[in-house]
Colleague: 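Here it is, the structure in full.
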2 protein chains.
Amino acid sequence: MSDPRFTIGEMCEAFSVTPRTLRFYEAKELLYPERIGQKRLFTKSDRARLKLILQGKRFGFSLEEIRQLLNLYSIDDQQTTQLSRTYTLAQERLAAMESQRDELTNAIEDLKEQLRWGEKILAERGVKAVA
Amino acid sequence: MSDPRFTIGEMCEAFSVTPRTLRFYEAKELLYPERIGQKRLFTKSDRARLKLILQGKRFGFSLEEIRQLLNLYSIDDQQTTQLSRTYTLAQERLAAMESQRDELTNAIEDLKEQLRWGEKILAERGVKAVA
DNA sequence: CGATTTATTTACGTTAACGTCAACTTCCCC
DNA sequence: GGGGAAGTTGACGTTAACGTAAATAAATCG
């Protein structure tokens with residue numbers, strides 16, 4: 001009934017990454033797989049963290065930034081002080097993300113306008129815009 | 001009444017970039033300043049392009065991606081075919097940006113939940129959450 | 001038991017986006 | 001006309017995030 005462990009190959013298969021990537025993340029202290037002899041065994045926790053890492057990357061965060069974000073999830077039960085510090089850290093991150101989203105929203109609007117303009121030009125020339 | 005030209009120094013001042021950066025962008029064919037002898041003279045058009053470049057970078061686009069985006073703005077008046085091709089390219093880009101924004105929106109929601117959860121924990125322990 | 005398969009460490013290679021000299025020209029000022 | 005100040009072209013250095021190759025070990029399969 002104990003938690004399952006995964007080999008590096010299984011992890012790579014499941015998340016579409018290379019072994020090099022997982023070893024690299026471990027070296028950068030983003031993952032902490034167990035060891036049996038030399039070989040790595042990834043836990044459920046490692047899977048959860050890896051999922052967050054890959055998500056973070058899609059948002060354009062650096063691995064170092066992600067490492068700090070991950071620390072938000074590993075809460076030190078003993079030190080409440082630590083907790084409220086990470087809390088403010090999370091709020092800062094949130095603000096950054098929101099402003100980034102707003103910028104994106106604006107850029108999207110601009111692009112849409114450009115597209116409408118382009119459509120008009122194409123229409124004038126009697127060319128159908130590719131839907 | 002002719003358009004004003006700007007030295008590399010003026011450009012750096014105006015956009016908070018280094019000369020190296022502007023020369024690099026020229027080498028990568030993102031900018032096309034004129035030349036008077038050896039020296040570069042940046043036009044109004046270069047300023048517009050540079051503004052878009054810096055904006056693009058904030059969205060996490062690579063310089064190569066930005067270069068392609070910039071070509072959307074420099075429309076070849078002779079070849080309409082070219083235009084409708086770039087039009088679809090712009091639509092793809094738009095779709096990518098929208099889905100990226102949506103992902104961000106979700107992540108923001110997740111983070112907010114985490115924060116609400118953290119607040120409760122802090123409250124239970126009698127610690128004020130840092131506003 | 002020998003051959004794969006799977007994994008490990010070590011270490012050099014790679015791309016992107018500049019930073020950072022070094023070694024000149026050119027222009028302007030007193 | 002002798003300096004700064006501003007600008008130019010190399011060319012090597014740097015960081016991030018892995019890729020890739022070499023040499024080696026452990027486990028598995030017929």
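Chain letters run A, B, ... following the sequence lines, proteins first and then strands; every chain starts at 1. Worth saying up front: this structure is predicted, and the values here are computed from it rather than measured.
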Colleague: Could you list the residues that satisfy side-chain hydrogen bond (donor to acceptor under 3.5 Å, both in side chains) with B:T105, not counting sequence neighbours?
Modeller: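 B:T105 satisfies side-chain hydrogen bond (donor to acceptor under 3.5 Å, both in side chains) with no other residue.
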Colleague: Consider only side-chain heavy atoms of I, L, V, M, F, W and Y, link residues closer than 4.5 Å, and tell whether B:Y32 and B:Y25 are in one cluster.
Modeller: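 Each belongs to a different hydrophobic cluster.
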Colleague: Grab the CZ-C1' distance between A:F6 and C:dT6 for me, whole Å please.
Modeller: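 Between C1' of C:dT6 and CZ of A:F6: 18 Å.
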Colleague: Would you give me the side-chain donor-acceptor pairs under 3.5 Å for residues 5-16 of chain A, sequence neighbours excluded?
Modeller:
residue: A:R5; atom: NH1; partner: A:E34; partner atom: OE1; Å: 2.5
residue: A:R5; atom: NH1; partner: A:E34; partner atom: OE2; Å: 2.6
residue: A:T7; atom: OG1; partner: A:G9; partner atom: N; Å: 3.3
residue: A:T7; atom: OG1; partner: A:E10; partner atom: N; Å: 3.1
residue: A:E10; atom: OE1; partner: A:T7; partner atom: N; Å: 2.8

Colleague: Looking at CD of A:Q68 and CG of A:L30, how far apart are the two atoms once the value is rounded to the nearest 0.5 Å?
Modeller: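 The distance works out to 10.5 Å.
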Colleague: Using whole Å, what does the distance between atom C1' of nucleotide D:dA6 and atom CG of B:L22 come to?
Modeller: 14 Å
Colleague: Identify, residue by residue, the members of residues 30-39 of chain B with a heavy atom below 4.0 Å from DNA chain D, and return them in order of residue number, or none.
Modeller: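 B:R35, B:Q38, B:K39, in order of number.
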Colleague: Quick one: is A:T7 getting a side-chain N or O under 4.0 Å of the C:dT6 phosphate, OP1 or OP2?
Modeller: no
Colleague: Tell me: CZ of A:R40 to C1' of C:dT8, nearest whole Å?
Modeller: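 Rounded to the whole Å, the gap is 7 Å.
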Colleague: Can you build the contact string for nucleotides 16-23 of chain D? Use B for base contact, S for sugar-phosphate-only contact, and - for no protein heavy atom under 4.0 Å.
Modeller: -BBBB---
Colleague: D:dT8 C1' sits how many Å from B:E26 CD, rounded?
Modeller: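 Taking atom C1' of D:dT8 as the reference, CD of B:E26 is at 11 Å.
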Colleague: Do the side chains of A:R67 and A:E64 get close enough for a salt bridge, i.e. N-O under 4.0 angstrom?
Modeller: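 Answer for the salt bridge query: yes.
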Colleague: Give the rounded distance in Å between these two atoms: CZ of A:R5 and C1' of C:dA7.
Modeller: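 Answer to the nearest Å: 19 Å.
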Colleague: With a 4.5 Å limit on heavy-atom distance, are the side chains of A:L52 and A:I66 in contact?
Modeller: no
Colleague: Mind checking salt bridge (Lys or Arg N to Asp or Glu O under 4.0 Å) for A:R47 and listing every partner two or more places apart, or none if nothing turns up?
Modeller: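 A:R47: no salt bridge (Lys or Arg N to Asp or Glu O under 4.0 Å) contacts found.
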Colleague: Got a sec, which hydrophobics cluster with B:I36, joining ILVMFWY side chains under 4.5 Å apart, including via others?
Modeller: B:L41
Colleague: Could you work out, with side-chain hydrogen bond (donor to acceptor under 3.5 Å, both in side chains) as the rule, every residue matching A:S45, not counting sequence neighbours?
Modeller: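 For A:S45 there are no side-chain hydrogen bond (donor to acceptor under 3.5 Å, both in side chains) partners, ignoring immediate neighbours.
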Colleague: How long is the line joining CE of B:M11 and P of D:dG7, in whole Å?
Modeller: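 The distance from CE of B:M11 to P of D:dG7 comes to 12 Å, rounded to the nearest Å.
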Colleague: Applying salt bridge (Lys or Arg N to Asp or Glu O under 4.0 Å), can you list everything that pairs with A:E98, at least two apart in sequence or on another chain?
Modeller: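 By the salt bridge (Lys or Arg N to Asp or Glu O under 4.0 Å) rule, A:E98 matches B:K112.
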Colleague: Taking atom C1' of D:dA6 as reference, at what distance in whole Å does atom CG of B:L41 sit?
Modeller: 13 Å
Colleague: With rounding to the nearest 0.5 Å, note down the distance linking CD in B:E26 to CG in B:D46.
Modeller: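 Reported to 0.5 Å precision, the distance equals 8.5 Å.
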Colleague: Taking only Watson-Crick and G-U wobble pairs with both distances under 3.5 Å, what dot-bracket line describes DNA chain D, where [ ] shows pairs that cross earlier ones and | shows pairs with another strand?
Modeller: ||||||||||||||..||||||||||||||
